[in-house]
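Numbered from 1 within each chain, the chains take letters A, B, ... in sequence-line order.
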2 protein chains.
Amino acid sequence: MNTMNAKPLHHHTATEIVQAITAGKTTATAVAESCLEYIAGRDPQVQAWHYLNPELVLAQARALDKRGGIGPLQGVPVAIKDIIDTADMPTEYGTPIHKGHRPRIDATCVALTRRAGGLIMGKTVTTEFANRFPGKTMHPMDPRRTPGGSSSGSAAAVGDSMVPMGVGTQTTASTIRPAAFCGCVGYRPTWGDLRCAGVMEAAGSLDTLGLIARSVEDIALYRNVLLGVAPEPLPADSVAPRIGFCRTHIWDQCEPDTQRQIEACATKLAKAGAKISDVTLPGDFARIEEAHRWISSFEFARNRAWEIDHHWDMISETLRNNRLKDGLSCSYETYRDARAFVERCRLMLDDVFADYDVLLTPSAAGEAPIGLNSTGNASFCAIWTSAHVPAMTLPLFKGPNGLPVGVQLIGKRNSDRKVFEAARWVQRAWD
Amino acid sequence: MNTMNAKPLHHHTATEIVQAITAGKTTATAVAESCLEYIAGRDPQVQAWHYLNPELVLAQARALDKRGGIGPLQGVPVAIKDIIDTADMPTEYGTPIHKGHRPRIDATCVALTRRAGGLIMGKTVTTEFANRFPGKTMHPMDPRRTPGGSSSGSAAAVGDSMVPMGVGTQTTASTIRPAAFCGCVGYRPTWGDLRCAGVMEAAGSLDTLGLIARSVEDIALYRNVLLGVAPEPLPADSVAPRIGFCRTHIWDQCEPDTQRQIEACATKLAKAGAKISDVTLPGDFARIEEAHRWISSFEFARNRAWEIDHHWDMISETLRNNRLKDGLSCSYETYRDARAFVERCRLMLDDVFADYDVLLTPSAAGEAPIGLNSTGNASFCAIWTSAHVPAMTLPLFKGPNGLPVGVQLIGKRNSDRKVFEAARWVQRAWD
């Protein structure tokens, strides 16, 4: 049954799917079938999925259609990064060490998704332990290019319209960067808001979930589900936001084309009514990426203690020689001081937001780079990840090769919905 | 083989055990045998252990004796709270819902303990999901009384000299309170220092590991192991600390006998050379326990999403009608504001420590109360848990019934070793 318009169901946003199911115009089963059919044709090229069992998906979709009531995510297929526990599917953390592992219970985010009527479509490819060593996924628009990482599969699946939404995580750039590369809306929440129980800890001081979708409204909808609170649609209209244009101290790492497009965007938004002025971060922020490196490496190396002691030879050279080497050589004092330092940066950034609703800044250096051995430059995210602030990437531009380039909006801690409203305003002004 | 002095091996501290094994005066196997024999006689009365497999323990002790090298915890038997994952023993989180669950890998703290040569003795009783509904454990000195919770078994086992050290967790009072009741040295670290990967999340914004031992030196030793850094013994001597005597705004909840003893203690420490003066916390701290309630309940209720949706009928009435009811009724705004409020309290408390090395304050209201349905008043810990500061309880006093009463030392965030040094100074001055 599909009495919706000509756009295939797998192309619809989550919000559209819920509306259609609520109106009796389609079913969870029809949506799942559309997604599965499309995935079957596309995934040999994209390789977004680490585990996908069509029969399990269809059985759950049929059960959703039979169960009474309409949940806020009714029938919405969701891709789950394979470092997030699922009781009915394997969870292997991007490493052969955990081949065949089946967790006992769902992670909190998975349980809350199911409670809301969401359909867990399958597990998407992650880099090894959500770090740098890539999985098999290719960029959906150019197989020579990285989809970004570490939430590679979730971003590729959403960007390619295999599913409307995906869950990833972010410890450095692992949601915003792949979402930007794959042309998605990506969201990293205020640190601490969305529970990570049942999600592999990379570095707890920095880890958050990350949501990937094709519309800002979908992100707002899913965030409330994962907060475990009732849905609250964004207001129909918002006033023009006060925007700080923040080139950051690493602006020269940004590709010239991306620089030009973001500057043009700032000009256009100002013409559309936004108050825009340049923001320079306090000088200390030049050191925040170094602090991030020590915090993430120190914690990551300890969190992998079991794997290090039992399966050292199954860990990639990339992981051993970078993150683990850094982490195992980092003293407690260096780690502690780095943590204290980023806490001070957080408080400094709170003050910056006295004058701005959001900051406008690059999501990444440019288009997804060629090469599948790296997941790209992470620096444009590491700053904000360390600062614990909410971030959203919007797929506003195309780069010189016609591939998506994102622009990132940053909010004050705990003002995630203000970021959503500003993002929607920016998107409308841009279009 | 036991060529040590007349004190049975199970009575020795971790530091003494490592010294004796290093000197060739005993073996891990002999220590394990002593502990097992004592436990076999005592546990029917105390019920500290949820899972203990003597054959597994002895096999691992023999393997330790055979393996080359002496680790910093060589041959030290450790009790592990049963919300902490162990790959070779069940982990059931204090609930029949997870009966028989065997995790795939060790929690980080377990892996680091084994790496250091520690011997995982078994799993100790926890309250249901580390919350209020008690397990089977009784106070080792009076079976009518609670051992405190939620790390009930670890505290009872260490207090009864079944093992020298135990690992617990603290989200409210779950390490300091049972350690105080059972006559142990208990330590809750600066929030965020010791990795919790593989530990059931109760409320991540507040959760830490907690260590329980019979000496301050043992705690300092074990902390370095769990930080994943080299051992660093405390300096032989320390100068007299600057102590703030902090009765707190809930001093009237403290039993009169405990009030008198702590006041006498402060006087004695001043005579011994400590600079002591009264500290009144900023007025906002009167609201910190209320904030703690919302933060812990909001997060806890979401972290149990899977159990709520699949096994609601197997959750205790106590948990359903208190923590879960609070958490499911708490709005996001209330939760968010509570988190922002405790962050401000943390910064205020940083300032208090400009004048003090540690604060001196009650560990609990008094002796372990009679009755096994409750784990006692948690308020004297909730303040400090929310503030993310390191805390240590020392078993300095006996109450009116001859049972242990602890005194709590509180340090500034990230000054855990200063707390250890002050604790040792206080203990020596008191003795």
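- The residue among Cys109(B), Gly192(B), Ala111(B), Gly198(B) with the most heavy atom pairs within less than 4.5 Å of chain A is Gly192(B).
- Among Arg302(B), His101(B), Glu343(B), Arg104(B), the residue with the largest count of heavy-atom pairs under 4.5 Å with chain A is Arg104(B).
- With a threshold of 4.5 angstrom between heavy atoms, Arg413(B) approaches chain A through side-chain atoms but not through N, CA, C or O.
- For Arg339(B), the part lying near chain A is the side chain, with the backbone staying farther off; criterion is any non-hydrogen pair under 4.5 Å.
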Next on the checklist: Working note: Trp312(B) + Leu324(B), criterion side chain to side chain contact (heavy atoms under 4.5 Å, CB included); need CA distance, chi angles, decisive distance, verdict.
Outcome noted: CA-CA 11 Å; Trp312(B) 179 251; Leu324(B) 288 180; 3.8 Å; yes

Next on the checklist: Using the rule given for side chain to side chain contact (heavy atoms under 4.5 Å, CB included), can you reason through Thr208(A) versus Thr190(A), listing the C-alpha separation, both sets of side-chain angles and the distance that settles it, and then say yes or no?
Outcome noted: CA-CA 8 Å; Thr208(A) 60; Thr190(A) 292; over 6 Å; no

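- Chosen from Arg115(A), Met200(A), Glu201(A), the residue pairing most often with chain B at heavy-atom distances under 4.5 Å is Arg115(A).
- In terms of non-hydrogen atom pairs under 4.5 Å with chain B, the most contact-rich of His98(A), Arg336(A), Glu307(A), His310(A) is His98(A).
- Taking a cutoff of 4.0 Å between a charged side-chain nitrogen and a carboxylate oxygen, Asp309(A) and Arg114(B) do not qualify as a salt bridge.
- The contact between Ile97(B) and chain A is made entirely by backbone atoms, counting heavy-atom distances below 4.5 Å.
- In this structure, Arg304(A) is positioned above the aromatic face of Phe129(A), its NZ or CZ under 6.0 Å from the six-membered ring centre and within 45° of the axis.
- Residue Asp193(B) touches chain A through both its backbone and its side chain, counting heavy-atom pairs closer than 4.5 Å.
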Item to check | Intermediate values then yes/no, side chain to side chain donor-acceptor pair (under 3.5 Å), Tyr222(B) and Thr113(B) | outcome: CA-CA 8 Å; Tyr222(B) 200 9; Thr113(B) 301; 2.7 Å; yes

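- In this structure, CD on Glu333(A) lies 13.0 Å from CH2 on Trp294(A), to the nearest 0.5 angstrom.
- Between chain A and the options Cys330(B), Ser205(B), Ala305(B), heavy-atom pairs under 4.5 Å are most frequent for Ala305(B).
- Taking Val229(B), Asp106(B), Asn224(B), Leu347(B) one by one and counting their heavy-atom pairs under 4.5 Å with chain A, the maximum is reached by Asp106(B).
- Salt bridge annotation for Arg344(A)-Asp284(A): absent, with no cationic side-chain nitrogen under 4.0 angstrom from a carboxylate oxygen.
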